Amino acid sequence: MKVDGALIDRLSNLSKLSFNDAEKDKLIVDMGNILELVEKLNEVNTEGVQPLIYMNEDVNVMREDEIHTYITKAEGLKNAPSKDSDYIKVPKVIQ
Amino acid sequence: MAYTSLSQIQDAIKKTETNIEKLVRNYLSNIETNRDLNAFLEVFEAESIQRAQALDAKFARGEQMGRLFGLVIGLKDNICYKDHKVSASSKILEGFESIYSSTAVERLLSEDAIILGRLNCDEFAMGSSTENSAFGNVLNPIDRTRVPGGSSGGSAAAVKADLCHATLGSDTGGSIRQPASFCDIVGFKPTYGRISRHGLIAYSSSFDQIGPFTKSVEDTKAIYEAIAGRDEFDATTSAKPIHAVHPKKTTYKIAYFPEVLNSEGVSAEVKEACQDFLKKAKEQGHEIVEYSFKYLDYLIPIYYVLTTAEASSNLARFDGVKYGYRSKDANDLEELYVRSRSEGFGPEVKRRIMLGTFVLSAGYYDAYYTKAQKVRRILRDEMSKLLTDCDFLFTPTCPSVPFKFGDKTSNPIEMYFADIFTVLANIVGMPAISLPLYKNAAGLPMGMQLMSHSWEEEKLFDFGMDLMEKIK
């Protein structure tokens with residue numbers, strides 16, 4: 001897999017990250033090397049093997065669907081960088 | 001007055017040779033004289049003394065004490081403790097205060113442990129040397145020019161330097177066992193699902209487990225037993241009994257991979273230590289089985305595909321809106337997300353988010369992500385078979401003794417290989433322990449690792465205690 005500037009741009013958009021040119025150049029090299037390494041997995045024959053998705057062996061762990069209050073509104077707002085008494089504030093979305 | 005086990009501490013308290021406040025003050029003074037280690041990001045000084053006094057008073061009244069009374073413990077900076085700061089050693093969480101406690105912390109407190117502070121680590125637990133912390137390097141107390149390992153480097157260094165009696169860390173690919181090996185102490189990762197991850201800042205949810213750092217296997221067992229078990233806040237925790245009965249044995253069947261002892265990437269002194277271990281184990285009557293393992297080269301690839309995928313998803317929550325760092329320069333919401341994340345995360349975290357985004361993206365998902373999950377199943381089945389037949393798998397914990405600062409920072413792949421022997425346990429979800437059994441000629445430590453089948457922690461502890469007596 002060839003990593004180029006266009007791929008980095010597409011992934012940074014999906015990841016909501018931005019990079020300057022020097023960082024991009026380094027990412028192209030590093031990600032290229034890492035992908036070359038992980039492509040070794042293609043040597044393993046996985047025909048007929050189901051992907052392992054869940055690590056826990058228990059099935060259908062059920063609980064009562066009861067309402068609990070674990071945190072208060074004040075606690076929920078406690079760490080917000082910008083807020084008023086009821087809401088978290090963000091820059092205007094509709095101009 | 002450095003105690004190697006909690007039972008020694010509890011005996012000393014019972015004989016009134018010491019009390020909990022004296023213990024806390026002693027650790028505080030050790031922290032002060034070892035400031036340069038940069039192990040603690042924050043020490044909860046006043047409240048620890050207060051809690052110690054309250055516990056001493058409880059003891060003086062003759063009340064029943066919790067199982068962990070006298071234990072002064074530190075937390076890796078990714079384990080939440082209500083009304084205390086936690087940052088995952090990242091600028092993006094600087095100033096953040098937990099609004100609830102992790103289950104592990106709740107259980108420590110309910111057994112009368114004292115939480116002394118939070119410990120430096122690689123940012124979001126991503127790294128093998130603690131050189132990725134936003135708050136500076138942690139020095140290895142054994143040789144201050146060398147790394148303490150990672151990602152739980154502060155947790156390992158603190159125990160070695162006696163800044164507290166024990167610590168908690170988290171282990172996603174070796175982040176407890178590798179620094180334990182580098183700092184010459186015991187490090188343990190339980191079976192996936194044994195200890196609740198509630199209140200552990202998520203890196204890779206199908207790999208992460210909390211576990212202890214201690215000076216003795218006895219203490220690892222005591223702390224593990226206090227915090228393990230089903231938790232309503234983490235649906236992946238198992239209801240299986242912690243004290244599962246396993247037949248007491250005096251000799252075991254131990255497998256090893258010849259590929260490890262022939263690998264170019266393993267230093268000669270580590271190979272020598274492994275040979276010595278196998279020789280001694282055999283002399284002590286254990287059966288040693290050579291098992292050819294053809295998947296060694298695939299461990300790091302599986303790990304980096306799956307953990308980066310999970311990380312890219314887990315770290316999407318850091319957007320500058322609800323908590324954590326928010327860029328001052330954003331004019332609209334999109335810019336707020338991008339700037340806050342780009343300014344808040346460090347380079348290794350961004351690299352892993354980008355890689356994880358790639359392996360999950362349309363067109364590449366099956367070729368990378370699903371492929372790695374399939375190989376993960378092959379490995380789990382293979383290890384399950386091996387560890388049904390044998391009691392333990394033996395490997396070194398790390399391919400080398402602790403390396404120097406900057407040795408591996410320019411090439412991420414070289415750094416990734418520091419975890420080659422530890423990632424297997426996380427890939428297959430099984431428990432593993434690193435024991436501080438060997439040192440090289442220069443006195444640098446080399447931990448030895450044992451892995452067992454899932455849910456057989458007690459067997460690992462039994463054998464671990466035995467080895468600490470007979471081999472160390």
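On a predicted model such as this, the values are computed, not experimentally measured, just so you know. Chain A is the first sequence line, chain B the second, and so forth, proteins listed ahead of strands; every chain is numbered from 1. Side chains included, hydrogens not; waters and symmetry mates left out as well; all remaining heavy atoms used.
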Of the listed residues ([options]), which shares the most heavy-atom pairs with chain B below a 4.5 Å separation?
options	value
A/Glu57, A/Arg63, A/Lys89, A/Arg10	A/Glu57
A/Val90, A/Leu17, A/Ile88	A/Leu17
A/Leu27, A/Ile71, A/Asp30	A/Asp30
A/Asn56, A/Leu11, A/Thr72	A/Leu11

Mind listing the closest non-hydrogen atom pair of [X] and [Y] along with its distance?
X	Y	value
A/Met55	B/Ser206	CG-O, 3.4 Å
B/Pro301	A/Val38	CB-CA, 3.7 Å
B/Ile413	A/Ile34	CD1-N, 3.8 Å
A/Val44	B/Lys371	O-NZ, 2.8 Å

Side chain, backbone, both or neither: which part of [X] has a non-hydrogen atom closer than 4.5 Å to chain A?
X	answer
B/Ser410	backbone
B/Asp83	both
B/Tyr364	side chain
B/Tyr416	side chain
B/Tyr298	both

Under the salt bridge (charged side-chain N to carboxylate O under 4.0 Å, His left out) rule, what do B/Lys82 and A/Glu75 come out as? Steps first, then yes or no, please.
CA-CA 11 Å; B/Lys82 189 174 162 67; A/Glu75 286 171 328; 2.9 Å; yes
Step by step, would you call B/Leu355 with A/Leu35 a side-chain contact (heavy atoms from CB on, under 4.5 Å)?
CA-CA 8 Å; B/Leu355 187 68; A/Leu35 288 178; 3.7 Å; yes
How would you list all residue pairs meeting ring pair (Phe, Tyr, Trp, His ring centres under 6.0 Å) that involve residues 6-65 of chain A, not counting sequence neighbours?
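Sorted result for residues 6-65 of chain A: empty, none.
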Return yes if some donor-acceptor pair links the side-chain N/O of [X] with the main-chain N/O of [Y] below 3.5 Å, else return no.
X	Y	result
B/Arg377	A/Thr46	no
A/Asn79	B/Glu97	yes
B/Ser342	A/Ser18	yes
B/Arg326	A/Pro81	no

Less than 4.0 angstrom from a charged side-chain N to a carboxylate O is my criterion; do B/Asp319 and A/Lys16 meet it?
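Judged by the 4.0 Å cut-off on N to carboxylate O distance, B/Asp319 and A/Lys16 do not form a salt bridge.
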B/Tyr304 vs A/Leu37 side-chain heavy atoms within contact, under 4.5 Å:
no
Contact listing (chain A partner; residues 228-235 of chain B; heavy atom under 4.5 Å)
B/Arg230, B/Glu232, B/Phe233, B/Ala235
